[in-house]
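Proteins come first, then strands; the chains are lettered A, B, ... in the order of their sequence lines, and each starts at number 1. From a predicted model like this one, the values you see are computed outputs, not experimental measurements.
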Amino acid sequence: MDLAALRAQQQQLASQVITEDCGVPAEPQLIGGADVGFEQQGTVTRAALVLLSWPGLTLVEYQVARIPTEFPYIPGYLSFRECPALVAAWEKLSRQPDLLFVDGQGIAHPRQFGVASHFGLLVDTPTIGVAKKRLYGTSDSERLAHDGVAPLLSSERSLGWVWRSKLRCLPLFISPGHRVHPDTALAWVQRCTRGYRLPEPTRWADAVASRRPAFIRWQEKMRQVE
DNA sequence: GCGACAG
DNA sequence: ATCTTGTCGC
């Protein structure tokens with residue numbers, strides 16, 4: 001693979017990313033979550049897309065896509081590894097979310113083009129990046145300790161937020177993916193967090209992608225309703 | 001040259 | 001990301 005070419009591609013696509021609210025409804029019908037997991041020493045990529053109701057935030061639909069992994073993990077180039085599987089899962093959905101949470105960075109990226117921005121652009125949907133670790137940008141640790149939230153900054157611009165979503169837990173790194181303003185991104189992540197470190201759309205996407213017990217139980221419960 | 005480094 | 005044992009706090 002040619003990383004220089006991919007870098008140029010990121011820079012070109014990043015210029016199309018919108019970081020103002022564009023089509024984000026005040027009261028969405030559905031909020032989505034997206035996450036990826038791997039199987040068999042990483043030879044298979046498994047992407048999960050979930051749809052949650054609003055404001056109840058209950059799981060109403062999920063779709064999973066499994067495809068061969070064709071790209072290695074390289075920090076800064078995650079979207080090239082994950083987007084193909086995410087698009088495949090997206091195409092299986094019976095309907096689309098009004099707002100989508102993606103596991104990873106949005107514009108908090110060396111070229112302002114993390115996986116949440118890349119996927120948001122591909123499906124032309126408002127997306128928010130919710131990452132568990134920092135990739136790019138700096139924040140004031142004292143302000144985080146004092147307020148529980150601090151801006152995530154680069155020398156050029158505001159990238160998003162570092163937010164301690166739960167006491168005695170490591171903070172989340174929240175940034176706009178596409179068609180969402182930084183303030184709106186933080187507000188929706190906060191509104192969708194219900195007592196756990198991760199917001200519900202991300203928790204469910206992770207549960208499905210990694211086949212957590214919570215998801216297995218949900219499947220069993222639904223099997224009886226059928 | 002050295003450290004940092006989403007998932 | 002994934003694997004895996006023990007430990008800690010609510």
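- In this structure, A/His109 atom NE2 and B/dG7 atom P are separated by 13 Å, rounded to whole Å.
- Atom CD in A/Gln105 sits roughly 17 Å away from atom P in B/dA4 (whole-Å rounding).
- Residue A/Phe113 is out of contact with every strand shown, counting any heavy-atom pair closer than 4.0 Å.
- Distance CG (A/Leu78) to C1' (B/dG7): 5 Å, rounded to an integer number of Å.
- Aromatic ring centroids of A/His178 and A/Phe119 lie 6.0 Å or more apart.
- Using a 4.0 Å heavy-atom cutoff across all strands shown, A/Glu82 reaches sugar-phosphate atoms only and no base atom.
- Residue A/Leu86 contributes atom CG, which lies 14 Å from atom P of B/dG7 at whole-angstrom precision.
- A residue-by-residue look at A/Asp206 and A/Arg168 shows that A/Asp206 has its nearest nucleotide of DNA chain C further toward the 5' end.
- A stacking contact links A/Tyr73 to B/dG7: the aromatic ring centre lies within less than 5.5 Å of the base's six-membered ring centre, and the planes differ by less than 30°.
- Taking only side-chain nitrogens and oxygens, A/Lys133 never comes nearer than 4.0 Å to OP1 or OP2 of C/dA1.
- In this entry the distance linking CD of A/Gln40 with P of C/dA1 reads 18 Å, nearest Å.
- For B/dA6, the OP1/OP2 oxygens have no side-chain nitrogen or oxygen of A/Lys132 closer than 4.0 Å.
- A donor and an acceptor atom, one from each side chain of A/Gln11 and A/Arg111, are nowhere located under 3.5 Å apart.
- The CZ-C1' distance, from A/Phe38 to C/dC3, rounds to 15 Å in whole Å.
- In this structure, A/Gln112 atom CD and B/dA6 atom P are separated by 17 Å, rounded to whole Å.
- Contact annotation: A/Arg134 does not reach the phosphate of B/dA6 (side-chain N/O to OP1 or OP2, under 4.0 Å).
- A/Gln10 and A/Gln12 are not linked by any side-chain donor-acceptor pair at a separation below 3.5 angstrom, with hydrogens and angles left out of the test.
- Which of C/dC10, B/dC5, B/dG7 sits closest to the side chain of A/Pro75 comes down to B/dC5.
- Residue A/Gly76 is classed as a base contact, given a heavy-atom separation below 4.0 Å to a base.
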side-chain hydrogen bond (donor to acceptor under 3.5 Å, both in side chains) between A/Ser117 and A/Gln112, worked out | CA-CA 8 Å; A/Ser117 297; A/Gln112 291 74 54; over 6 Å; no
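- Nearest heavy-atom pair across A/Glu70 and A/Pro84 is OE2-CG, 3.8 Å.
- Residue A/Lys166 contributes atom NZ, which lies 8 Å from atom C1' of C/dC10 at whole-angstrom precision.
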